[in-house]
Amino acid sequence: MNTYAVIDFETTGLSPAQGARPTEIAVVLVDQQGIKDRFQSLMNPGVSIPADIQALTGISNAMVKKAPGVAQVMQQACKFAANHPIVAHNAAFDQKFWEVELQRLNLYQQQKFACSMLLSRRIFPELPNHRLGTLVQSLKLPNTGRSHRALADAEATAHLFLHLQQALRSRFQLASVSHALLLAIQAKSRSQLEACVLKYGGLRAEQMA
DNA sequence: TGCCAGGCCCTCTTTAGGGCCTT
């Protein structure tokens, strides 16, 4: 339970329902001591990458042409992430691709997803925005490399999520780091955050205002 | 030509609309 998997997809578009497929995935295993293992791979999506997305990510059609197929990479990623809770920045996006691609392979099993973006909105509402790059700069998190590449963004999200756990523990005076982790994973909305704070014995949000 | 998804959340709200965030 104290280990979770941070994932990040690069894709050909915003929605699998519109035919978008993944071009790269990174999975980073994290515990309370930090990042302990990494998996990263380009994959051949079988569809063309639009020019604007190639410019955004730096991943070209030529780069993925020689890469293994989506099925092979997703099998490896699924095995690597095992049954750990999954964390992503704007998790609704990555969760869609994760579930759709694993369902294609009959590998899908329901997993808990936590969202570092929703949590950072709750914990740091004063920041100008909650894009991953802005959070890395504002919170002085480690530089993990080129943004919009899967491993760099997954590692940045891992550092962000560790930072959020510490902020939760401090702000709500939680008894333990594991309570902060449970809270971080379970609290996606304001009401869930409040309920989890009460569940784990911390001070109510309004008491900390 | 210009738009395209979708869940969360704020507000000039709740019988709704629009910004944010991901690629």
Side-chain angles (χ1 to χ4, degrees), chain A residues 5-28 40-64 67 70 73-74 77 86-101 103 110-139 141 144-161 163-164 183-197 205-206 209:
Chain A
V6 180
I7 71 169
D8 187 79
F9 278 106
E10 305 305 320
T11 70
T12 64
L14 290 175
S15 172
Q18 299 297 312
R21 300 295 304 278
T23 58
E24 186 179 45
I25 187 172
V27 184
V28 176
Q40 177 273 332
S41 180
L42 287 167
M43 53 187 130
N44 187 336
V47 297
S48 181
I49 307 171
D52 58 333
I53 296 180
Q54 291 186 57
L56 177 74
T57 64
I59 299 172
S60 66
N61 285 309
M63 289 168 68
V64 297
V70 173
V73 174
M74 287 304 300
I86 294 177
V87 174
H89 197 67
N90 194 16
F93 173 84
D94 295 277
Q95 186 173 4
K96 279 187 302 185
F97 283 92
W98 180 263
E99 292 180 352
V100 165
E101 295 300 342
Q103 281 169 351
Q110 196 163 24
Q111 284 176 276
K112 284 182 180 173
F113 269 78
C115 180
S116 56
M117 183 192 74
L118 295 179
L119 203 52
S120 64
R121 282 180 178 169
R122 297 263 66 83
I123 304 301
F124 302 115
E126 71 279 7
L127 295 180
N129 63 63
H130 297 84
R131 295 172 198 153
L132 184 57
T134 300
L135 291 164
V136 167
Q137 284 196 328
S138 300
L139 301 174
L141 302 176
T144 57
R146 187 196 193 285
S147 61
H148 294 295
R149 287 301 299 266
L151 185 58
D153 283 359
E155 289 193 15
T157 302
H159 291 301
L160 170 61
F161 204 70
H163 189 92
L164 288 167
L183 194 156
I185 287 175
Q186 294 177 20
K188 282 187 178 178
S189 67
R190 174 188 288 176
S191 59
Q192 286 174 323
L193 175 62
E194 180 70 16
C196 289
V197 168
E206 61 263 32

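By convention in this document, chain letters (A, B, ...) are assigned in the order of the sequence lines, proteins followed by strands, and residues within each chain are numbered from 1. These numbers come from the heavy atoms of this one structure, side chains and all, not from hydrogens, waters or symmetry mates. Just so it is clear, the structure is predicted and the values come from calculations on it, not from any experiment.
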With the side chain defined as heavy atoms from C-beta on, A:A17 is closest, among B:dG6, B:dT23, B:dC21, to B:dG6
Can you measure from NE2 (A:H89) to CD1 (A:I7) and round to the nearest 0.5 angstrom? 13.5 Å
Determine whether the side chains of A:Q95 and A:E99 contain a donor N or O and an acceptor N or O closer than 3.5 Å. yes
For B:dC21, does OP1 or OP2 lie under 4.0 Å from any side-chain N or O of A:H130? yes
So which protein nitrogen or oxygen atoms get under 3.5 Å of nucleotides 17-19 of chain B's nitrogens or oxygens?
none

Looking only at side-chain N and O atoms, does A:H89 come under 4.0 Å of OP1 or OP2 in B:dC21? no
Which value, in whole Å, describes the distance between the P atoms of nucleotides B:dC12 and B:dC8? 22 Å
Hey, does the side chain of A:S138 reach the backbone of A:L135 with a donor-acceptor pair shorter than 3.5 angstrom? no
Can you tell me which nucleotide in B:dC10, B:dC8, B:dT22 comes closest to the side chain of A:L118? B:dC8
Working to the nearest 0.5 Å, report the span between OG1 of A:T57 and CD1 of A:I49. 6.5 Å
Taking the side chain as every heavy atom from C-beta outward, state whether A:S147 and A:L132 have any atom pair closer than 4.5 Å. no
Let me know the distance between CD1 of A:I7 and C1' of B:dT23, rounded to the nearest Å. 14 Å
Classify the angle between the aromatic ring planes of A:H163 and A:F124 as parallel (below 30°), tilted (30 to 60°) or perpendicular (above 60°). tilted
Can you identify which nucleotide, out of B:dC8, B:dG6, B:dC21, has its nearest atom closest to the A:N129 side chain? B:dC21
I want to confirm an ordering. Mapping A:S15 and A:T11 to their closest nucleotides on DNA chain B, which one lands closer to the 5' end? A:S15
What is the distance, rounded to the nearest whole Å, between atom CD of A:E10 and atom P of B:dT22? 11 Å
How far does the P atom of B:dG18 sit from the matching atom of B:dT14, given to the nearest Å? 13 Å
Do A:R149 and A:L42 have side chains that approach each other closer than 4.5 Å (heavy atoms only, starting at C-beta)? yes
Would you give the length of the straight line joining atom CG of A:L141 to atom CZ of A:F161, rounded to the nearest 0.5 angstrom? 13.5 Å
Hey, does A:F9 reach any base, or is it just sugar-phosphate, or nothing, if we go heavy atoms under 4.0 Å? sugar-phosphate
Could you tell me how far B:dG6 sits from B:dT23 if I compare only their C1' atoms? Round to whole Å. 14 Å
Rounded distance in Å - CG (A:L119) to C1' (B:dC20): 16 Å
Just call it for A:T12: base, sugar-phosphate, or nothing, with non-hydrogen atoms closer than 4.0 Å on any strand. nothing
Atom pair distance, as rounded to whole Å: CG in A:L14 and P in B:dC20: 16 Å
Atom CH2 of A:W98 and atom C1' of B:dT23: how far apart are they, to the nearest Å? 18 Å
For B:dG19 and B:dC4, measure between their P atoms and round to the nearest Å. 12 Å
B:dC3 versus B:dG7 - spacing of their P atoms, nearest Å: 22 Å
Base, sugar-phosphate, or nothing for A:D94, non-hydrogen atoms under 4.0 angstrom? nothing
B:dT23, OP1 or OP2 - any side-chain N/O from A:R149 closer than 4.0 Å? no
Quickly work out the A:D153 CG to B:dT22 P distance and round it to whole Å. 8 Å
Working to the nearest 0.5 angstrom, can you tell me the gap between A:F97 CZ and A:I25 CD1? 11.0 Å
Which is true for A:D8 with a 4.0 Å heavy-atom rule: it touches a base, it touches only sugar-phosphate, or it touches nothing? sugar-phosphate
Out of B:dC10, B:dT23, B:dC21, which has the shortest distance to the side chain of A:N90? B:dC21
Rounding to an integer number of Å, can you tell me how far A:M117 CE sits from B:dC8 C1'? 7 Å
Length of the line joining A:F97:CZ and B:dT22:C1', which is rounded to integer Å: 9 Å
Ignoring the backbone of A:R131, work out which of B:dG6, B:dT22, B:dT23 is nearest its side chain. B:dT22
